[in-house]
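We name chains A, B, ... by the order of the sequence lines, and we start the count at 1 in each one. These numbers come from the heavy atoms of this one structure, side chains and all, not from hydrogens, waters or symmetry mates.
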Amino acid sequence: MSEQDKTIPSNFIRQIIDEDLKAGKHGGRVHTRFPPEPNGYLHIGHAKSICLNFGIARDYPGGLCNLRFDDTNPHKENVEYVNSIMQDVRWLGFDWDSRLFYASDYFEKLYQFALELISTGKAFVCDLNAGQMRDYRGTLTEPGRESPFRGRSVEENLDLFNRMRAGEFEDGSRVLRAKIDMASPNLNMRDPTLYRIRHGVIHHQTGEAWCIYPMYDYTHPISDALEGITHSLCTLEFEDHRPLYDWVLDNISIGHHPQQIEFSRLNLQYTVMSKRKLTQLVTEKYVTGWDDPRMPTVAGLRRRGYTPESIRLFCDRIGVTKADNSVEMEMLESCIREHLDQHAPRAMAVLNPLKVVIENYPEAKVEELKAPNHPKDETMGWRSLSFTREIYIDRDDFLEQAPNKFKRLVTGGEVRLRNAYVIKCERVVREAGGEISELRCSYDPATLGANPVGRKVRGVIHWVSASQGIRAKVCLYDRLFNHPAPDADKAVASFLEHLNPGSLRILENAVLEPSLAGAAPGSRYQFEREGYFCLDDHSHGGIPVFNRTVTLRDSWARIEQKKQ
RNA sequence: UGGGAUGUAGCUCAACUGGCAGAGCGACGGACUCUGACUCCGUAGGUUCGAGGUUCGACCCCUCGCAUCCCAGCCA
């Protein structure tokens, strides 16, 4: 782990653990778990949970954190998701060692505990269908009614449940229910379903071994207990389920009772975080896949160029509480800038090329200039730039007439070419339509590594040799939605209406400095004055594709924006 | 209108558990600069949801309100 991870702010959960340790609870052990359902890719909200659970395990002496797939609903789950989740957790920098588990590992034990609940009269087989069960459940303000099947004998229940397992009954015809309290103000306690029947699905781990599957509320506490988990951390919506979590463990013969603690999930502005909605974006092709660089998924952020360090830093900074929250994108962006500023080598790339001919520079000459890879870190070494008579600069870096505040190239003005000479714009060449096709400039040979005497240049701009540069495609990403809380806006029928049509801009004619020729897929650079970019790892052969991770902070753009 | 939770700066969180309300991000201004970046310096921003109460003293304890979020899957 890097230095950034060393000052982890505490939070209310760590305080609880501190107190538990002091009180000697759980024999001084700290054991957490990260329990994803493999029905989608991990997103930044999961990263928060991963950093919390694995972070606690890392920071407490002897602490452990399991990876456990909560795979009780084979209908929506598959191995692609299992694999992506393992890859993402590892990429984030965490390790479960040999403690990889599946809730489905416990199906037989879960079944035996169900038999125990039946035997002690605490569970029964119910023949009500889904609609009837809803009727019997009552409402938020009225108590429910007991199922007519609630009074079945232990023998009959045992027989029926065994036959459920044996496959004698159709989907939906029967369920196993806990016998708790149909009048409870907590709906989760109104005789909740423990097992349902699911024929004809092939479970990714257990195949066709089972046709009955346990529910989350029943599976989770037992899985936690079986694994010796001490602190079972989950999100706020499970707060109402805690009495049921405790009920299950209090009513079976199991020697361990973990403590469930809830925290609030992460919301990030200008994106969505629900798996259902992310899945919809993927399946309905609003994005190119789970790893589309605009997605808030771990895979998307990775392809976008985010580093594990930056995401961990983000998770540390947002903290862990029980308050609903909505974090600004700027917080995430500041984290990736902070990490990449230190670690990304610098390079030059011209995104919107404008040709510049330096008239007093020899035609065939190619001059190799040395440039540091990082302005503040010599250990990152040097690279070679090729300077030639014809170069490209960015169209945005030239204006025919500009206010004094414009620190770039203007007609008749001088500007420094980064790591090279000072040039002066002598005149503008236009196409028939009036558009500027190229600039004719002169250069001052005395300005390499030295300031011109007696005058000040307006500023510094980046450039790339026209003949030596490499053609590239560059993808500029913007927020996926143009509403801070797309899925919370009740004024529209669907969050999709807030999709930002300009979230991807592709520049086909960018030019990179020659040193970028051997760049490895996934490698990250700062293109000076532009932002941080990452060589897309889906691009092999052909012309390279760079994804913009994030722009540099740009006070000039901000001033310009304010004028409008 | 039942139950469960949460309200501290624009956003995210602190405040050693009753002792001068702070930080990061953001905003604004300035210095530096061969990146309008980085870095550095500074400024603004608070009725701690509200009203009462207890106390020498309340973000913290009590009472009553208000607002927001979650719960009526054989999803997790």
Using a cut-off of 4.0 Å on non-hydrogen atoms, how would the nucleic acid contact of [X] be classed: base, sugar-phosphate, or nothing?
X: Arg177(A); answer: nothing
X: Arg418(A); answer: base
X: Lys322(A); answer: sugar-phosphate
X: Asn39(A); answer: nothing
X: Phe406(A); answer: base
X: Ala557(A); answer: nothing
X: Gly449(A); answer: base
X: Glu328(A); answer: base
X: Val175(A); answer: base
X: Gln526(A); answer: base
X: Ser326(A); answer: sugar-phosphate
X: His220(A); answer: nothing
X: Arg416(A); answer: base
X: Met348(A); answer: nothing

Using the [atom1] atom in both, what is the distance from [N] to [M], to the nearest Å?
N: rG45(B); M: rC40(B); atom1: C1'; result: 22 Å
N: rU17(B); M: rC61(B); atom1: C1'; result: 11 Å
N: rG57(B); M: rC20(B); atom1: P; result: 15 Å
N: rC66(B); M: rC49(B); atom1: C1'; result: 7 Å
N: rU48(B); M: rC11(B); atom1: P; result: 16 Å
N: rA21(B); M: rA15(B); atom1: P; result: 16 Å
N: rC69(B); M: rC62(B); atom1: P; result: 26 Å

Heavy-atom closest contact (Leu409(A) atom, Phe406(A) atom, distance): O-CE2, 3.6 Å
Conformer about C1'-N of rU6(B) - syn within 90° of 0, anti elsewhere: anti
Chi-based syn or anti call at rG73(B), which uses purine or pyrimidine torsion atoms and a 90° bound: syn
Parallel, tilted or perpendicular, as decided by the 30° and 60° cut-offs, for the rings of Tyr216(A) and Phe238(A): tilted
Ring centroid separation Phe149(A) to Phe124(A) under 6.0 Å: no
Identified salt bridge (Lys or Arg N to Asp or Glu O under 4.0 Å) counterpart of Glu414(A) within the set Arg458(A), Arg408(A), Lys424(A), Arg455(A): Arg455(A)
5' priority, RNA chain B, between Leu140(A) and Asp70(A) [closest heavy atom]: Leu140(A)
Given RNA chain B, 5'-ward residue of the pair Leu128(A) and Asn11(A), judged by closest heavy atom: Asn11(A)
Polar contact flag, side-chain donor to acceptor under 3.5 angstrom, Asn78(A)-His204(A): no
Phosphate OP1/OP2 of rA76(B) contacted by Arg265(A) side-chain N/O (<4.0 Å): no
Atom-pair distance (CG on Asn188(A); P on rG2(B)), nearest Å: 18 Å
His203(A) and its ring-ring contact (aromatic ring centres under 6.0 Å, His included) partner, picked from Phe69(A), Phe107(A), Tyr102(A): Phe107(A)
